[in-house]
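This report refers to the structure that appears directly beneath it.
As the structure lists them, so they are numbered: ligands from 1, and atoms in each ligand from 1.
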Amino acid sequence: MNTWFSELQTRNVSLGIRIEDVLWHEKTQYQELAVLQTEAYGRMLVLDGAIQTTTQDEFVYHEMITHVPLLLHPNPRRVAVIGGGDGGAIREILKQPGIEEAHLIEIDEKVMEASKRFFPEIAQGLEDDRAHVHFTDGIAWVKQARDFDVIIVDSTDPVGPAEGLFAPEFYQNIYDALSRDGIMVAQSESPFLEPDIIQRVVAGVSRSFPVTRLYLASVPTYPSGLWSFTLGSKQPLRPARRVPLETRYWTPNIQDSCFHLPRFVEDLIR
Ligand code: AG3
């Protein structure tokens, strides 16, 4: 089979990946969902034409969006993930000792259904007793949420239903939903291709949080391959806790160095 999937990442850039099979394709109430089998990256979950996760590189994103904030919190017990219906972030959160509740707030039930069926190794955490799933709009949910230690925004790009997940009011609602030592993280796109989104997220988060930090990780199937995460903390950051974790990307040294940024990225958020 010589069929190629290509994601139009910006008006001027696309990423092509040869596909071996289309395993699933449907229009859900919210978006177009596809599961593709590829030689290069294994199975791939695609929403509205944008690659969300692949079995080959998902570990980078899911480890970095969870362990970095969790280890900076003194004692995270109640954690929430907004978006992330594939379950990858929940799987990582549950690796940490002391977690009592891991809530997942996903608007589209079909994403989780597809993940359980086609990505069991990513969705595995969803079966845990500590995992609580809410199929609802994260923007509304966060307004009534209280006493969370860490909130992780694992969203799609800021178009369509996810637009509101990049708004300053949303970050303020997250602030109010967090406990005294609360920390939030949001995925914030690529410094090469979407620098203004990073600036917008960093500015929005720092309107509510006294401490705002950016960090990067390499995710080959995301636009440009270099991805950013924006962290907001209610308290000054302390050195990260040391906890033994089985990971493939995250290491204690990466934890300690991740806020050291390339100069062009530093300049971007100054
Ligand atoms: N959420 C971030 C995906 C952004 C990718 N953007 C793109 N391909 N244009 C990933 C969800 C994983 N749990």
Side-chain angles (χ1 to χ4, degrees), residues 5-17 30-36 38 40-69 79-94 102-108 110-116 118-126 131 133 138 151-163 165-166 185-198 201 215-230 249:
F5 164 82
S6 73
E7 173 179 338
L8 196 59
Q9 299 180 325
T10 72
R11 261 183 357 161
N12 305 307
V13 180
S14 82
L15 171 67
I17 300 177
Y30 300 97
Q31 52 208 340
E32 186 181 350
L33 184 162
V35 179
L36 309 176
T38 78
Y41 289 110
R43 281 191 184 174
M44 202 157 84
L45 176 71
V46 181
L47 296 177
D48 284 340
I51 299 171
Q52 299 302 313
T53 206
T54 82
T55 51
Q56 294 306 301
D57 69 359
E58 58 91 7
F59 65 98
V60 180
Y61 178 90
H62 290 133
E63 290 176 14
M64 290 300 281
I65 203 170
T66 54
H67 299 308
V68 171
V79 181
V81 177
I82 297 176
D86 52 71
I90 296 287
R91 178 196 64 203
E92 292 304 315
I93 291 164
L94 294 173
H103 293 258
L104 179 68
I105 297 83
E106 166 63 55
I107 199 165
D108 192 345
K110 296 289 182 184
V111 172
M112 187 174 297
E113 209 179 294
S115 188
K116 285 186 171 169
F118 295 104
F119 302 86
E121 62 298 322
I122 298 179
Q124 52 172 274
L126 298 168
V133 177
I151 296 181
I152 291 164
V153 187
D154 182 6
S155 69
T156 52
D157 301 332
V159 277
E163 182 84 61
L165 302 177
F166 289 76
V185 168
Q187 75 87 355
S188 47
E189 308 284 317
S190 153
F192 283 109
L193 294 177
E194 306 284 0
D196 34 316
I197 296 182
I198 296 185
V201 174
Y215 60 97
L216 303 171
S218 169
V219 185
T221 57
Y222 288 172
S224 90
L226 186 65
W227 210 246
S228 78
F229 305 86
T230 302
Y249 187 92

Item checked: For E32, side-chain hydrogen bond (donor to acceptor under 3.5 Å, both in side chains) partners two or more places apart -> H25
Check: Can you name the residues that form a side-chain hydrogen bond (donor to acceptor under 3.5 Å, both in side chains) with T221, not counting sequence neighbours?
Finding: D57
Check: How many angstroms lie between CD1 in I51 and CG in L15, if you round to the nearest 0.5 Å?
Finding: 5.0 Å
Notebook entry, point to check: For the atom pair CD1 (I107) and CD (Q31), what is the distance rounded to the nearest 0.5 Å?
Noted result: 8.5 Å
Next item on the list: For ligand 1, would you mind listing the residues that have at least one heavy atom less than 4.0 Å away, ordered by chain and number?
Entry: E7, A50, I51, Q52, Y61, H62, D86, D154, S155, D157, Q187, Y222, P223, W227
Show the atom names and distances, to 0.1 Å, of all donor-acceptor pairs under 3.5 Å that link a side chain in residues 59-69 to residues at least two apart or in another chain.
| residue | atom | partner | partner atom | Å |
| --- | --- | --- | --- | --- |
| Y61 | OH | D154 | OD1 | 2.6 |
| H62 | ND1 | E58 | O | 3.3 |
| H62 | ND1 | E58 | OE1 | 2.8 |
| H62 | NE2 | D86 | OD1 | 3.3 |
| E63 | OE1 | R248 | N | 3.2 |
| E63 | OE1 | Y249 | N | 2.8 |
| E63 | OE1 | W250 | N | 2.9 |
| E63 | OE2 | R248 | N | 2.8 |
| T66 | OG1 | H62 | O | 2.7 |
| T66 | OG1 | E63 | O | 3.2 |
| H67 | ND1 | Q96 | NE2 | 2.9 |
| H67 | NE2 | E92 | OE1 | 2.7 |

Margin query: Side chains of W227 and E189: any donor to acceptor distance under 3.5 Å?
Written below: no
